[in-house]
Structure formats: structure tokens, C-alpha cells
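Each remark here refers to the structure printed beneath this line.
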Amino acid sequence: MSEIRTRFAPSPTGNLHVGGAHTALFAWLFARHEGGKFILRIEDTDEVRSTEESLAAIYNGLKWLEIDWDEGPDVGGPFGPYIQSERLNTYHEQIDRLIESGRAYRCFCTAEELDERREIMRARGIPPRYDGRCADLSEEQIQMLLAEGKPYCVRFRTLQTGATVIQDLVRGEVSFDNDLIGDFVIRKTSGYPTYHMAVVVDDYLMGITHVIRAEEHLANTPSHVQILDALGFERPIYAHLPLILGPDKTKLSKRHGAVNLLDYRDQGFLPEAMRNFLAIIGWSAGAEQEILDHDELIAKFTLEGVSKSPGVFDLEKAAWLNGEYLKAADAEYLTGVLLPLLREEGLFEEDASEERMQWLIAVVDLMKERTRLLTDFVTWGRYFFTEEFVYDNKARQKWLSREDVPDRLDALAEELAAVPEWTVDAIEQAIRGLAEELEVGAGQIIHPCRAAVTGQTIGPSLFHLIELLPQETVVKRLHRAAELGRAGEMQPVGSSD
RNA sequence: GGCCCCAUGGUCUAGUGGUUAGGACUCCGCUCUUUCAAGGCGGUGGCACGGGUUCGAUUCCCGUUGGGGCUACCA
């Protein structure tokens, strides 16, 4: 077989949807795995809803996931243009061929008339499809209506007997009775082709070998195949992918929360984790490996591994996966990703010195072990960057509100203030030393100390965390917590947590 | 309504005409540690149902149920 060519053909009518990203990813993975080409084509035949911003959103979403395309509106290619609104003549040509051969005809029915008749059919329990009123107008009638300047659309004359059988790589053979498909519109009154017409013409003319798209298009495929056959165009190989569902098992939509891919970036997901997660919805390498990086995904992806059943978008698992990526990530790289977020929160200066950057990297390195989202660095690691952190209720309840704690915190502050060299070992010695001196378990010092310094009961290794804070800051925080404790300001607040 | 697709724990899935039905997330327990939202160990939980075919069906066929998709001058 000649070169494999797949495409992603979104309509620029909103953000890049998670479902769209899923489809794009699979088509891209297949092309890359096969050493073929991946084409981006913009299907803006909905003149009303298409927008420029949306086009940019699609680019950004794909780029975020590191899905690159060999041909497309911005990079060009031998089969351009890759924007359907710039290909209108091409569609007109093919539609005219269809009209000439009798496989398509002009329809002068108005939208209102159509609606009305559809309602009647529905009321009478008849499947609502075009009744063929304009299917057999005489040449004279047509010329007359045209002369009157009556607006018209063009309909495809579908087969009325037999069945259209399609071979689908994931679903096998699927058959549709032809008499169920009514004559559908292929060119709107506006002159724009409909999706069904444009998709078929472009896939053929652009040499697409494998049409990989979501299952919602499966039922449209017989219509596409009929146009292809009527035009004398070879059919591509079809592969209809399982849909992504929300927790309630309906097609993932806005009701379920974020469906805009880039919202997940803002929620703290790493692109490589999101790509990995999307890849394992509806596909499996067969082995018991779920964490696959860019190259492994390409190496292992096959259409045979695609499942037929739809999959729920499980945010919990996505977050877990993200955590795995965070743990494995290089601290310096992570710091780079995190920087904009920290600055946005006003937690880190714009003009940081090299020394400060090294410090940040150390903080990230310490924190990344127990984070799941990038935003966790901000919410759980706030105390690294500012004195404006809160003492959570667990910390208040378990330690900070205890009567014997303030004295210990002050004592510890003295010990730590006296540490000559601010190292992990020295810090640990000071803390454990005080415990011995007071004849209490080390935990009786460690826990209150963590609570006072971080406001939390959990977090990274205390000694390491303290080392990353300036000595005087730690001392100050210990005294402050002691004072607040004595003043009765450390009682739990609010309802819970 | 009609047509089409789908069906392994709550979720993502591996798998087979004979398996103790495997893994991952979640949840629970234990454990380590200065803490856990980290690590280690363990556990609860599944082949939707009914008929066939077969010596034997989770696996093959049919039906039922359930879910989803399509049924536009949206894509």
C-alpha cells in the first residue's frame, strides 16, 4: 500500500474539545506509527458558527499535546488549501457533476415548508426524511424556478433499494438499508457545501487513506459512501473510534465540567500526562502498561488495540497519571512549567536571580513527590513563598491549640536560631536534641514545628523543607505560632478542615 | 419512534471454548516514616439477563434489558 495519510478535520466552532483531541490523537498516532502523514483540515462550512478564535484554539490545543501536522492551513502542502471555505469551487465542480449525472438535484423547498412537513411525518409516525418533492421536477419547471430567482439547495439522490455496507476497522462490517436514508442536502442555499459533501470530496482529493473519526459519524458513513460511489471515487478505510463519555455515561459535554482541552492545562495537567490519559481511553497496548510517553505511544499504537465500547473520562485517574508524571519529571523542567503559574499567583518574582532559580528548583524537587496537579505546588507549597499562608484546622486542632505547644515552639526557635550552619543535618540535630532535652518523643517537637512553619500537618520531609526556608523566617514563624497559640488564636475555625 | 453501535468490578481495561478471570484508578485495611495527599504490603468488588450450540461457555449464535450514537440547508 502507498503512504498512509490520516487527518483531523475539526470545525472551528469553539474550543478544542476533549473528544476532538482524543480523535486527533488517535489519527495522529496511527499516522506516526505507520510512518505516514497527518493532515489538519479545517471544516468551516458552517459559515454562521465558525470563528477565527476557534481556529487559534485548535492550533493551541494540538500544539499543547505535541500533536504536529505535516499538511495544514498554516504549513500548506501539496493538496491545499486546507480550509474548506477556500475550496468552494472544488465542491461546486463535484456537485455539478452529480447534478449532471442525475445523482443530485435542485430542491426549491424552503426551510419552513420542510419543517412543517417533517412535523406532519413525525406526528404520523413516519420516519421524518425528505419526501422527494423536488426529486423529479422537469427541466422546464427547473428553468422556470431558476428564472424566477427562487433560491434552492442541492440534494443528493440516495439509493432506495438494497443496502450500503461499510467495512470498519474497529467495528467490522456494518450494513445500512438504503431506503432509510432520505435525499440529504449537499449544497446549502448559501452555496456552501454541507459537511457530508465537503468531507467526502476532501478526503478523496487529499488522498486520505484512513478516515479515523469518532463513532458519532458511523451512521453518516453510508451517506458518505454513496456520494463517493456516485462520484466514482475510491472509498477510504474507515475506523470509527469509541466516544468519550461523562460520569453519567452520556457523550462528554459541558454539563460534565470542563470539555475544553486547555482548561486542563489551567487545572494543572502536564500535556504529556493528558496525552497519555487520552490515549488509554479506548485504546490499550495489550500489555499491563498504562504509562506511555510520546515515543512509546507511537511505537505501540495500533488500530487493533482500539476498543469498541465508549469510555468514561475519569478525572481521578487522569490526576493520578498526572501525579506519576510529576514524580518522574525533571525538577528543572517542571520548574519551567510552573513558573508562569507561580508568577500569576504573585508568589515568585519576575526577575529572579540564578541563585533564586536554583532554590525554586530545589523546592519543586522536594514537592513533586506528593503532588498530583501543578496547582498543588501553589496550594500546598504556599508557605515556601510567602508568610501569607493559613494554619489549617487539622494543624490547629492537633498541635497549635495545645497548651504545651507554645513553650516548645519558643524553645525550638531558640535552638534553631543558634544553629551555625543551616543544613539538613544541623536542623535535624537541633530538633531531635530539643526533644531529648525535654524528654519527649521527637514527634512532639516535629509535628508542632511542621504545623507552625507550614500551617499543615502533612508535607515533605520536615528537615529538608526547613532547610529551604531562611533561618530567620523559620525562627520567626515558630515564635509567631507560639504567640498566637498563647493568645488563643489557634483554635480551629470554620466548620471543617 | 426508526436505524446503527456497544456491554469483563464504581471507572479505564487485559484475556480465553476448559484460567484461582490479570492489571490500573478509586475505596478500605495494615505497615514504614517526623506527617500523608508519599512509599511498601494486603483486601473488598466483575464476565448484564435469558435461551441455545457444545462434553464444557465470560468467550460463539439468537433474543431481552441497559447504555450510547445517528435520524438538520451542525459538524
Side-chain angles (χ1 to χ4, degrees), chain A residues 9-13 20 43-46 48-50 107 109-111 114-115 118 122 125-130 151-155 168 170-171 174-177 180-182 184-190 192-196 198-199 213-223 240 242-243 245 247-251 277 280-291 305 307-321 323 327 368-372 376 380 394-395 398 428 431-432 435 441-447 449-451 454 456-463:
Chain A
S11 63
T13 53
E43 308 216 326
D44 59 344
T45 54
D46 186 337
V48 185
R49 296 194 301 149
S50 296
C107 170
C109 300
T110 65
L114 258 17
D115 283 345
R118 206 171 3 243
R122 203 165 273 147
I126 305 166
R129 55 197 193 86
Y130 184 63
Y152 65 92
C153 66
V154 177
R155 284 181 187 273
D168 188 280
V170 348
R171 273 145 231 288
V174 185
S175 173
F176 297 83
D177 284 345
L180 261 13
I181 309 167
F184 54 91
V185 173
I186 54 177
R187 182 167 69 207
K188 308 177 204 178
T189 306
S190 66
Y192 266 62
T194 58
Y195 159 73
H196 303 295
V199 76
R213 54 174 29 160
E215 199 208 304
E216 54 193 323
H217 292 295
L218 183 60
N220 291 142
T221 307
S223 301
H240 287 92
L243 255 25
L245 310 179
D248 66 349
K249 307 262 194 167
T250 62
K251 192 164 98 171
F277 179 61
I280 61 173
I281 298 180
W283 173 77
S284 149
E288 285 169 0
Q289 183 190 2
E290 293 191 300
I291 301 181
S307 73
K308 301 174 190 219
S309 43
V312 171
F313 188 84
D314 181 5
L315 204 53
E316 265 308 314
K317 186 154 184 175
W320 164 78
L321 230 194
K327 268 176 223 160
K368 74 189 177 82
E369 281 308 312
R370 54 202 74 213
T371 48
R372 300 175 97 200
D376 292 340
W380 297 343
K394 215 162 173 192
K398 279 185 92 170
E428 179 164 4
I431 291 174
R432 291 194 190 280
Q444 293 304 307
I445 303 297
I446 288 170
H447 296 310
C449 176
R450 177 189 294 282
T454 72
Q456 298 165 9
T457 54
I458 56 149
S461 156
L462 181 69
F463 314 126

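We name chains A, B, ... by the order of the sequence lines, and we start the count at 1 in each one.
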### Query
Given the P atoms of B/G29 and B/U71, what is the spacing between them in whole Å?
49 Å
### Query
Using a cut-off of 4.0 Å on non-hydrogen atoms, how would the nucleic acid contact of A/Thr189 be classed: base, sugar-phosphate, or nothing?
base
### Parallel, tilted or perpendicular: rings of A/Phe277 and A/Phe313 (30°, 60°)
perpendicular
#### Entry: Whole angstrom value for the distance that separates P of B/A72 from CG of A/Leu114
10 Å
### Message
Base of B/U13, side chain of A/Ser307 - is there a donor-acceptor contact under 3.5 Å?
### Response
no
#### Entry: Nearest-Å distance once atom P is located in both B/U13 and B/C30
33 Å
### Task
In whole angstrom, give me the gap between the C1' atoms of B/U54 and B/C61.
12 Å
#### Entry: Nucleotide nearest A/Glu43 (side chain, heavy atoms from C-beta), chosen from B/A75, B/C12, B/C25
B/A75
### Pairwise C1' distance, B/C12 and B/C27 [rounded to whole Å]
16 Å
### Message
Tell me whether the side-chain N/O atoms of A/Lys327 come closer than 4.0 Å to OP1 or OP2 in B/G39.
### Response
yes
### Task
Using the closest heavy atom to pick a nucleotide of RNA chain B for each, name whichever of A/Lys317 or A/Thr457 lands nearer the 5' end.
A/Lys317
### Query
Using atom C1' of each nucleotide, how far apart are B/A21 and B/G46 to the nearest Å?
9 Å
### Task
Measure from the side chain of A/Arg450, starting at C-beta and using heavy atoms only, and say which of B/C3, B/U35, B/C73 lies closest.
B/U35
### Task
Send over the distance from A/Arg432 CZ to B/U35 P, rounded to a whole Å.
10 Å
### Touch class at under 4.0 angstrom, heavy-atom based, for A/Gly459 against every strand present
base
### Query
Base, sugar-phosphate, or nothing: which does A/Pro242 touch, judged by heavy atoms less than 4.0 Å apart?
nothing
### Query
If we call it a pair only when both distances are under 3.5 Å in a Watson-Crick or G-U wobble match, what pairs with B/U58?
none
### For B/G1, the Watson-Crick or wobble counterpart (both distances under 3.5 Å)
B/U71
#### Entry: Phosphate-side-chain proximity, A/Ser175 and B/C4, N/O vs OP1/OP2 below 4.0 Å
no
### Query
Counting any heavy atom closer than 4.0 Å, what does A/Gly282 reach on the DNA or RNA strands: base, sugar-phosphate only, or nothing?
sugar-phosphate
### Task
Say whether, by atom type as modelled, one donor and one acceptor occur between the side chain of A/Lys368 and the main chain of A/Lys327 under 3.5 angstrom.
yes
### Task
With heavy atoms under 4.0 Å as the rule, sort A/Leu243 into base, sugar-phosphate or nothing.
sugar-phosphate
### Query
Can you check side-chain contact (heavy atoms from CB on, under 4.5 Å) on A/Val174 and A/His240, steps first, answer last?
CA-CA 11 Å; A/Val174 185; A/His240 287 92; over 6 Å; no
### Task
For B/U44 and B/U11, measure between their C1' atoms and round to the nearest Å.
16 Å
### Query
Looking only at atom C1', what distance separates B/C3 and B/G10, rounded to whole Å?
32 Å
### Task
Check every strand shown and say whether A/His217 touches a base, only sugar-phosphate, or nothing at a heavy-atom separation below 4.0 Å.
base
### Query
Base, sugar-phosphate alone, or nothing: which one does A/Asn220 contact when heavy atoms must sit under 4.0 Å apart?
base
### Task
Would you mind classifying the nucleic acid contact of A/Glu290 as base, sugar-phosphate or nothing, using non-hydrogen atoms under 4.0 angstrom?
base
### Task
Pick the P atom in B/C4 and in B/G63, then give their distance to the nearest Å.
11 Å
### Task
Quick one: label A/Thr45 by what it contacts on the DNA or RNA (base, sugar-phosphate, nothing), any heavy atom closer than 4.0 Å.
sugar-phosphate
### Task
Would you mind classifying the nucleic acid contact of A/Ile186 as base, sugar-phosphate or nothing, using non-hydrogen atoms under 4.0 angstrom?
nothing
### Task
Determine, step by step, whether A/Ile281 and A/Lys317 satisfy the side-chain contact (heavy atoms from CB on, under 4.5 Å) criterion, reporting the C-alpha distance in whole Å, the side-chain angles of both residues, the deciding distance to 0.1 Å, and the verdict.
CA-CA 11 Å; A/Ile281 298 180; A/Lys317 186 154 184 175; over 6 Å; no
#### Entry: RNA chain B: 5'-proximal contact among A/Glu216 and A/Val174 (nearest heavy atom)
A/Val174
### Task
Could you check whether A/Phe463 gets within reach of a base, just the sugar-phosphate, or nothing at all, counting any heavy atom under 4.0 Å?
base
### Query
Roughly how far, to the nearest 0.5 Å, is CD1 of A/Ile446 from CZ of A/Phe463?
4.0 Å
### Query
Is the phosphate of B/U8, meaning OP1 or OP2, less than 4.0 Å from a side-chain N or O of A/Lys308?
no
### Query
Is the shortest side-chain N/O distance from A/Lys251 to OP1 or OP2 of B/G67 below 4.0 Å?
no
### Message
Is it the case that the side chain of A/Arg432 and the backbone of A/Ala442 share a donor-acceptor pair, with hydrogens and angles ignored and the cut-off at 3.5 Å?
### Response
no
### Task
Under a 3.5 Å limit for both distances, which nucleotide forms a Watson-Crick or G-U wobble pair with B/C49, could you say?
B/G63
### Message
Under 4.0 Å, heavy atoms only, any strand: does A/Arg372 hit a base, just the sugar-phosphate, or nothing?
### Response
sugar-phosphate
